[in-house]
Amino acid sequence: MTNRNSEGGRDASRRDFVGRAVGGACLLAAVPVRVLAAPPRAEENDETSVQLGYKHDTKNVDKKKYPRHAATQECVNCAMWQGTPTDAWAGCAMFGRKQVAAKGWCMAWAPKPA
């Protein structure tokens, strides 16, 4: 009887590779698509959004309800913005795992430190 591992190891390593590749493909197929998808976006009617007065567009903020709001205040220039200046949507410290719009606003807005 011949030990295939002692004959150069090609068959054994090829089998290992194929076995691991098939196993990995099966694991990947078992992962739900939502795990691989982008984080959810905050909606204006979410509980947190309502409590913070969040709007996707700073132009739609009720000026009577939020008199301290200024048109130049946007999520993208807030201290809690977790994205880059070019991101259309990104994380926010106030919204947990949900993303907010760069042009959005909420009453937790604070200027980025200089």
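In this text, all values refer to a predicted model and were calculated from it rather than measured experimentally.
- Residue Y54 comes nearest to C75 through the heavy atom pair CE1-SG, 4.1 Å, listed as atom of the first residue, atom of the second, then distance.
- In this model, no donor atom of one side chain and acceptor atom of the other lie less than 3.5 Å apart for N60 and W105.
- N77 has its side chain within reach of E74: a pair of non-hydrogen atoms, C-beta onward, lies under 4.5 Å apart.
- Looking at every heavy atom in both residues, A79 comes nearest to P111 through CB-O, 3.5 Å.
- Summarising the geometry of T58 relative to A70, their closest heavy-atom pair is OG1-O, 4.1 Å, with the distance given to 0.1 Å.
- Residue L52 holds its CG atom at 12.5 Å from CD of E44, rounded to the nearest 0.5 Å.
- Within a 6.0 Å radius of NZ in K59, no more than 12 heavy atoms belonging to other residues, nucleotides or ligands are found.
- Considering only heavy atoms from C-beta on, M94 stays 4.5 Å or farther from T48 through its side chain.
- Once rounded to the nearest 0.5 Å, the distance linking NE2 of H69 with SG of C106 reads 10.5 Å.
- When every heavy atom of S49 is checked against every heavy atom of F95, the shortest pair comes out as OG-CE2, 3.4 Å.
- Nearest approach of T84 to V76, heavy atoms of both residues: O-CG2, 4.3 Å.
- Taking all atoms of both residues into account, the shortest heavy-atom contact from G91 to Q99 is N-CG, 4.1 Å.
- Note that NZ of K103 is 15.0 Å distant from NE2 of H56, once rounded to the nearest 0.5 Å.
- Heavy atoms of other residues, nucleotides or ligands lying less than 6.0 angstrom from NZ of K65 number 12 at most.
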